[in-house]
Amino acid sequence: PSAMAQVTQLEEIVVTASRREGSLQDVAASITALGGDALAARGITNFEDIKRAAAGLYLESPSNSSSSSIRIRGVGTAGNTGIDPSVGVLVDGVYQNFPGMAFTEMMDVERVEVLRGPQGTLFGRNTTAGVIQIYSRSPETDEFSGNVQTVLGNLDNRELRGVVNIPLIADKLAVRISGNTVSR
């Protein structure tokens, strides 16, 4: 075969937008899915940076986390803690009651899914604008691994991030611990 006959195949992206695993192309919803490696390649290290990778997503985190604002396609609730937010945030399947709870460092993330449009029937909350799902990496039972990252910045900013994966029983049990500290 000639060089012109080479076939390029896209990697299959698996999402859980309909509360079960499925191919991104088979799910009838508008979704932006980003894997952990894609997040790292784009330099996305905190929740607010996701807006750089998902079209139509607006995130604003003022100094007071209760007045945070998340909007998808211009629809959202701005910092009113008396009503359910229009955009739901789930971390490892757990609904975050206040949007400001999600504005944290994005450490050891497996993937992020941004689902646009009403999702209330699937996620049990009145999420009229959409849902942002964040999934942490699962422990790996086959090998010991870890990494440490240090960030130094202006005004004496110092950050230390680390992850360690420890297999306890081969192919059965492992522990994965991640943490970070920030001082300025």
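These numbers were taken from a predicted model, which means no experiment stands behind them. All heavy atoms count here, side chains included; hydrogens, waters and symmetry mates do not.
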**OP:** Carefully, step by step, assess Leu152 and Arg158 under the rule side chain to side chain contact (heavy atoms under 4.5 Å, CB included).
**Re:** CA-CA 5 Å; Leu152 300 174; Arg158 292 183 180 96; 3.8 Å; yes
**OP:** Evaluate the side chain to side chain contact (heavy atoms under 4.5 Å, CB included) criterion for residues Leu39 and Val112: first the C-alpha distance (whole Å), next the side-chain angles of each, then the deciding distance (0.1 Å), finally the verdict.
**Re:** CA-CA 9 Å; Leu39 292 169; Val112 174; 3.8 Å; yes
Original post:
Step by step, would you call Val109 with Ile134 a side chain to side chain contact (heavy atoms under 4.5 Å, CB included)?
Top reply: CA-CA 7 Å; Val109 172; Ile134 301 169; 4.3 Å; yes
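Taking 4.5 Å as the limit, every side-chain heavy atom of Val131 sits out of range of all side-chain heavy atoms of Val87. Taking 4.5 Å as the limit, some side-chain heavy atom of Tyr135 sits within range of a side-chain heavy atom of Glu113. Two residues are said to be in side-chain contact when any heavy atoms from C-beta on lie closer than 4.5 Å; Val114 and Ile50 meet this criterion. Contact annotation: the side chain of Phe47 approaches that of Ile70 to within less than 4.5 Å [non-hydrogen atoms, C-beta and beyond]. When side chains are defined from C-beta on, Val175 counts as touching Leu168, because their heavy atoms get closer than 4.5 Å. Side-chain contact between Val91 and Gln96: present, with at least one pair of heavy atoms (C-beta onward) separated by less than 4.5 Å. The shortest distance between side-chain heavy atoms of Leu57 and Ile132 falls below 4.5 Å. At least one side-chain heavy atom of Phe144 sits less than 4.5 Å from a side-chain heavy atom of Val164.
A distance of 11.5 Å separates CG of Leu173 from CG of Asp171, quoted to the nearest 0.5 Å. With values rounded to the nearest 0.5 angstrom, Asp37 atom CG is found 13.0 Å from Arg111 atom CZ.
There is no side-chain donor-acceptor pair under 3.5 Å between Thr181 and Arg161.
Looking only at distances, no side-chain donor or acceptor of Glu140 sits under 3.5 Å from a matching main-chain atom of Ser138. In this structure, Arg52 contributes its side chain and Gly43 its backbone to a donor-acceptor pair below 3.5 Å. Under a 3.5 Å cut-off, the side chain of Lys51 and the backbone N or O of Leu59 do form a donor-acceptor pair. In terms of modelled atom types and a separation under 3.5 Å, the side chain of Asn165 and the main chain of Glu143 share a donor-acceptor contact. Checked by atom type and distance alone, the side chain of Arg137 never pairs as donor or acceptor with a backbone atom of Met107 at under 3.5 Å. One N or O on the side chain of Asp92 and one on the backbone of Ser136 form a donor-acceptor pair closer than 3.5 Å.
The two atoms that bring Leu34 and Ala53 nearest to each other are CD1-CB, 3.4 Å, heavy atoms only. Heavy-atom minimum distance, Ser178 versus Val163: CB-CG2, 3.8 Å. The two residues Glu159 and Asn157 come nearest to each other via the heavy atoms OE2-ND2, 3.3 Å.
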